[in-house]
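Here is the structure we will look at.
Here is how names work: the chains are called A, B, and so on, in the same order as the sequence lines, proteins then strands, and each is numbered from 1.
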There are 2 protein chains.
Amino acid sequence: MQPRHSKSKTEILDITVPLFAEAGFNGVSMRDIAGEVGIKTASLYHHFRDKRTLYRAAIFHAFSRKTEVLSLVLATDISPEQRLKKFVAAFCKLVHDNPYFIRLIQREILVGDDLRLRLVEEQVAQEFFSLLLSLCRELASDHDPHLLSISILGLVVFHYQITPLRQILPGSRSQYDDPEVVAEHVVRLLLKSVSEPFSLTS
Amino acid sequence: MQPRHSKSKTEILDITVPLFAEAGFNGVSMRDIAGEVGIKTASLYHHFRDKRTLYRAAIFHAFSRKTEVLSLVLATDISPEQRLKKFVAAFCKLVHDNPYFIRLIQREILVGDDLRLRLVEEQVAQEFFSLLLSLCRELASDHDPHLLSISILGLVVFHYQITPLRQILPGSRSQYDDPEVVAEHVVRLLLKSVSEPFSLTS
DNA sequence: GTCTATATGCTGATAGAC
DNA sequence: GTCTATCAGCATATAGAC
């Protein structure tokens, strides 16, 4: 489609995504991006109207179909417990393997712009969150499904989000980065709780 | 100590902390800060050598003794279950009442600078994390104390961190912002799990 | 589609008067 | 301790040649 020496939009976005994920919108200049891509700043403006447009395109690029696998797992016709296991495993792998994806979402949440959050919700969450809610309803009738859904996501996301700090906290081990180890821990924590209908505390 | 019309360092930091928390280091200019404080940009440089120094001072100011209450609760001589309840309640209240505090920590983790993370660890985490580890060892001999400690923190932090997105997700309710509601949910999730030594899953 | 050249404004920071 | 005035550099963005 494109001459060998010219850069396609996709190529530019592949290079742009990590930059914005690491340093944020204000932490990366059009010069920085052009430099990494290997073209001059002015050439960037041929592909993208302005910096905001480029950022938005990078977000979409990074988000595209990343959570499809989660919906797929949640729609499988297996027992709720098995579905939870599969979901947590898939989610841990997703978060572990796509640090840029998670960082960009974090940054969008930090900015807190309503319109942009709605985009995140449509692009990332909408697809699977309702299915996760249903799973939580099936799993634990005595827990609030919404709070439980958020908790499941939080157990996984926070673990990886805090990784650089976690690694210097007392008692840290290298295997704690392994998505399978994390998934096993999270499922244990959840299943022994959500499967028990009675309360053990006063 | 200071004449009525001049600004003390503390006054400046009180105003600076929310700005950096909301927009990040690169999202706030010395002009912005000076404007909010009500002085000229050059006057800021009388109090702080440069922008980095001001940022670091703001961080310290925002972090100072915020987690003391957590150590206090964790050092109380009550049953592990009661200590967990008190800790989660105190932690929920801390995170809920101090959004700037949490946002600044998040930003520090996102930047990921080793030296700065060590400062966060010393200023914020060191004090109570070892006590939390001990509590987890007492509570659940069959769970990894480190993973469990991180999970407890994550259940609370993530819930509030994702708040702007959570509020537009399906099934959200206003009471989910209430720290007491969140604490009750988190403790239920944990205690029914960590108090049960046997596994319910294959 | 990329380039050179340039416009315009904002940035962190300094000098020196009051 | 605050001010006015100013600087050099970098930011986004545009115009127009090739």
| field | Neighbour count above 12 (heavy atom, 6.0 Å) for Q167(A) CD | value | yes

| Where the side chain of T76(B) meets the backbone of V73(B), is there a donor-acceptor pair that is under 3.5 Å apart? | yes

| Are the side chain of N98(A) and the backbone of F101(A) linked by a donor-acceptor contact shorter than 3.5 Å? | no

| query | If only side-chain N and O atoms of H46(A) are considered, is one of them under 4.0 Å from the OP1 or OP2 phosphate oxygen of dC3(C)? | reply |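 It does not, given that no N or O in the side chain of H46(A) lies less than 4.0 Å from OP1 or OP2 of dC3(C).
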
| query | Any side-chain N or O of S43(A) under 4.0 Å from OP1/OP2 of dC3(C)? | reply |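 The answer is yes; a side-chain N or O of S43(A) sits under 4.0 Å from OP1 or OP2.
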
Write down the distance between [atom1] ([X]) and [atom2] ([N]), rounded to a whole number of angstrom.
{"X": "I39(A)", "N": "dC3(C)", "atom1": "CD1", "atom2": "C1'", "result": "11 Å"}
{"X": "M30(A)", "N": "dT2(C)", "atom1": "CE", "atom2": "P", "result": "13 Å"}
{"X": "L44(B)", "N": "dC3(D)", "atom1": "CG", "atom2": "C1'", "result": "13 Å"}
{"X": "I12(A)", "N": "dT2(C)", "atom1": "CD1", "atom2": "C1'", "result": "11 Å"}
{"X": "D50(A)", "N": "dT14(D)", "atom1": "CG", "atom2": "P", "result": "8 Å"}
{"X": "R52(A)", "N": "dA11(D)", "atom1": "CZ", "atom2": "P", "result": "19 Å"}
{"X": "I33(A)", "N": "dC10(D)", "atom1": "CD1", "atom2": "C1'", "result": "15 Å"}
{"X": "H47(B)", "N": "dA13(C)", "atom1": "NE2", "atom2": "C1'", "result": "16 Å"}

Find every protein N or O atom lying less than 3.5 Å from an N or O atom of nucleotides 16-18 of chain D, and list the pairs.
none

| task | Please figure out whether D32(A) or R49(A) has its closest DNA chain D nucleotide nearer the 5' end. | result |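 Upstream on the strand: D32(A).
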
Sugar-phosphate only, base, or nothing, as touched by [X] at under 4.0 Å among non-hydrogen atoms:
{"X": "K51(B)", "value": "sugar-phosphate"}
{"X": "S29(A)", "value": "sugar-phosphate"}
{"X": "V37(A)", "value": "nothing"}

| message | With a 4.5 Å cut-off on side-chain heavy atoms, are D114(B) and R118(B) touching? | response |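 A side-chain contact exists here, since the closest heavy-atom pair is under 4.5 Å.
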
| message | Are the side chains of F48(A) and L13(A) in contact, using a 4.5 Å heavy-atom criterion? | response |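 Yes, at least one pair of side-chain atoms sits under 4.5 Å.
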
| message | Does the plane of the ring in F87(A) sit parallel, tilted or perpendicular to the ring in F128(A)? Use 30° and 60° as the thresholds. | response |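 Judged by the thresholds at 30° and 60°, the geometry between F87(A) and F128(A) is tilted.
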
| task | Please confirm whether F158(B) and F158(A) have ring centers closer than 6.0 angstrom. | result | no

| said: Quick check on DNA chain C: between R31(A) and K40(A), whose nearest nucleotide comes earlier from the 5' end? | reply: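 It is K40(A) whose nearest nucleotide is closer to the 5' end.
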
